[in-house]
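For reference, the structure is listed below as structure tokens.
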Amino acid sequence: MIRLYNTLTRKKEELVPLRPGEIRMYVCGVTVYDLSHIGHGRSALAFDVMRRYLRYRGYDVRFIRNFTDVDDKIIKRAQEEGVPPRELAERYIEEYRKDMGALGILPADVEPKATDHIPQMIKLIERLVAKGVAYPLDGDVYFEVKRFPRYGRLSGKNLEELQAGARVEVDERKRNPLDFALWKASKEGEPAWPSPWGPGRPGWHIECSAMSMHYLGESFDIHAGGEDLVFPHHENEIAQSEAATGRPFVRYWVHNGFVNLGAEKMSKSLGNVLTLKELLRHHEPEALRLYLLGTHYRNPLDFSNERVAEAARALERFRNLFEEAERLAAKGTPAPGRDQGLLEEAAEARRRFEEVMDDDFNTAQAVATLFDLAHRLQSFKSKVTQGEASAGAFLLGVGELMSLGRVLGLFEEPSRPSQPVDPELRGKIEALVNARAEARRRRDWVGADRLRAELVRVGVTVEDGPEGTTWKWKP
RNA sequence: GGCGGCGUAGCCAAGUGGCCAAGGCGGAGGUCUGCAAAACCUCUAUUCAGCGGUUCAAAUCCGCUCGCCGCCUCCA
């Protein structure tokens, strides 16, 4: 049984899909007017892991993540750069896909763009106007929040409170300051689509309602996004969707916590953004992923380069283990033999992993089970080296560890993805390593150390193990 | 002003009524090794911001105090 925290009820609930065995999930993607930052990465990762886990648990998951490719900021940025908005949006969609791909985030089943779904949006707005819950006004169309009694339920607010605290500049034409735009009349030079209310473009909120319902139906299971979207975005989505269909829109609303920088929210308006591109220049993607998974998705995360570097060191422990396994496997795969309870412990690790992931996707604890198992395997490996335990069992155990890690999208890169080495350099390094091995055979420790020092100068660490000498780039 | 969240070891971070308070990084000692690296073993919070209360039992529930943050406005 999987439990997940539902923002709507403010508690963990058992996940009961609308159709048995099937999960339909929609994630609010990004507005593509700039490069993605670590906050986008965290959000995308959180839901990528949920999706992977649900699939692992046997659900047939239909996963949609949209792009908002028409909006005020895109238009503004495009004007500044003197390019068509569409071109700007396309550029950042490409960048988004590259960055998220680098982080190991899988593409969604469908990645719809708002501009490809204008007819669906217009149709939805028409339904709302026909029902009398939305009203046209000078080429705009607004949703009248008063007509939706449950307005405010998701964010735990009521209309009076919202009005009292409203910092929106009051548009006198609107019936209520909180009424929000479903359709905006276009100004000269802005992207525009024909509509019953004149040329214009969709409001932000209607996009997600129209696209999610188009691909997932009028009621679906999970709708996800950053916690800043709870109000007003998701609140408005519920209002407009349920007002139009008369049916419950979404069963489970899930929201990820923010990435802060030095205890301050990171946002474009504050100008303190850390782009994924920049981060990936300094950190291995997998280390970044492990770092992010170390904090539960709903908690705030104060980003720190030092902590990512720590995660990279922790990752080394897994990689060392996988290398040992590779070396052993290269010698052939022996029968499991005496496993001294190792395989039962691996099975126990899997049970524990599932238990904590079932509980609102607790990746922090899931990662801990991975470390526990890795530790146990290292310990077992020592016995294998001493001939006291079976190499076959060890390899099976390592396989289990890798398989669990992959549920989180870890361990998918080849172990130790060092920079591509130019063959000439590789030849030189190997010559030095061999010369040193030769010196060691002669017990010429001075010569061996001199060669080691030389290798260290070019950034190579040499390791003498029971199965011979290996080298790697110094981390 | 309204709503909500957080405060756990040197650092990061799980845990939300009852096994000795996960795990990572760092640190200390030891084993192995010509040296080194990796790995292994042991240790590293009698205590969970503070103070009261409820309970047989609380980091976990309630109240107050202090500190920090988010949302209420475009925002993952």
Side-chain angles (χ1 to χ4, degrees), chain A residues 7 10 12 27-31 33 36-47 71-73 76 152 155-158 160-169 178 204 224-233 235 255-260 263-270 273 290-291 294-296 298-302 304 306-317 319-321 323-324 352 356 359 362-372 375 378-383 385-386 440 443-446 448-449 452-453 456 461-466 469-472 474:
Chain A
T7 306
R10 291 170 197 261
K12 288 183 200 172
V27 176
C28 280
V30 291
T31 300
Y33 72 104
S36 299
H37 56 63
I38 179 67
H40 299 125
R42 184 188 191 199
S43 181
L45 174 64
F47 305 126
D71 137 293
D72 291 348
K73 282 180 304 234
K76 180 162 174 271
S155 50
K157 301 175 194 305
N158 59 52
E160 292 70 49
E161 284 167 2
L162 283 165
Q163 279 165 31
R167 281 186 266 154
V168 251
E169 48 185 289
L178 290 163
W204 176 40
E227 66 178 8
D228 55 328
L229 299 184
V230 173
F231 188 90
H233 186 53
E235 196 71 73
H255 295 96
N256 68 277
F258 259 66
V259 177
N260 301 316
E264 195 180 38
K265 172 181 172 172
M266 174 174 58
S267 80
K268 282 165 193 164
S269 39
L270 290 173
V273 292
L290 183 63
Y291 165 68
T295 301
H296 185 89
R298 280 192 286 113
N299 290 148
L301 173 67
D302 192 2
S304 155
E306 288 68 37
R307 300 291 90 72
V308 184
E310 280 180 9
R313 287 195 282 278
L315 191 58
E316 276 297 295
R317 298 190 48 193
R319 297 240 172 103
N320 286 327
L321 183 64
E323 279 183 12
E324 300 262 29
R352 174 80 185 138
V356 298
D359 184 10
N362 196 325
T363 55
Q365 290 198 80
V367 165
T369 68
L370 262 35
F371 278 109
D372 284 340
H375 187 252
Q378 286 286 185
S379 171
F380 190 83
K381 173 63 176 53
S382 309
K383 290 183 194 147
T385 308
Q386 289 156 28
R440 290 184 70 227
R443 308 188 72 79
D444 172 12
W445 308 129
V446 177
D449 287 347
R452 174 195 288 283
V456 166
T461 298
V462 186
E463 297 182 4
D464 303 318
T469 297
T470 58
W471 66 273
K472 63 184 178 194
K474 193 162 65 179

Nearest to side-chain heavy atoms of A:N320, which nucleotide of B:A14, B:A39, B:A76 =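 Side chain of A:N320 sits closest to B:A39.
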[X] near the nucleic acid: base, sugar-phosphate alone, or nothing, with a heavy-atom cut-off under 4.0 Å?
X      : value
A:G29  : sugar-phosphate
A:D71  : nothing
A:A364 : base
A:H233 : nothing

Hey, does the side chain of A:R313 come within less than 4.0 Å of B:G26's phosphate (OP1/OP2), counting only N and O?
->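 Checking B:G26 against A:R313, a side-chain N or O does come within under 4.0 Å of OP1 or OP2.
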Kindly say if A:N362 contacts the phosphate of B:G23, meaning a side-chain N or O under 4.0 Å from OP1 or OP2.
->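 For B:G23, neither OP1 nor OP2 has a side-chain N or O of A:N362 closer than 4.0 Å.
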What one-letter contact string describes nucleotides 27-35 of chain B from 5' to 3', where B marks a base within less than 4.0 Å of any protein heavy atom, S marks contact via sugar-phosphate atoms alone, and - marks no contact?
-> -------BB
Interatomic distance where [atom1] belongs to [X] and [atom2] belongs to [N] [whole Å]:
X      : N     : atom1 : atom2 : result
A:N256 : B:G5  : CG    : P     : 17 Å
A:L45  : B:A76 : CG    : P     : 17 Å
A:H37  : B:A76 : NE2   : C1'   : 6 Å

Under the rule of Watson-Crick or G-U wobble with both distances under 3.5 Å, where | means paired to another strand and [ ] a crossing pair, RNA chain B maps to ((((((((.[[[..)..(....]]]((((((.......))))))....[[[[[..)....]]]]])))))))....
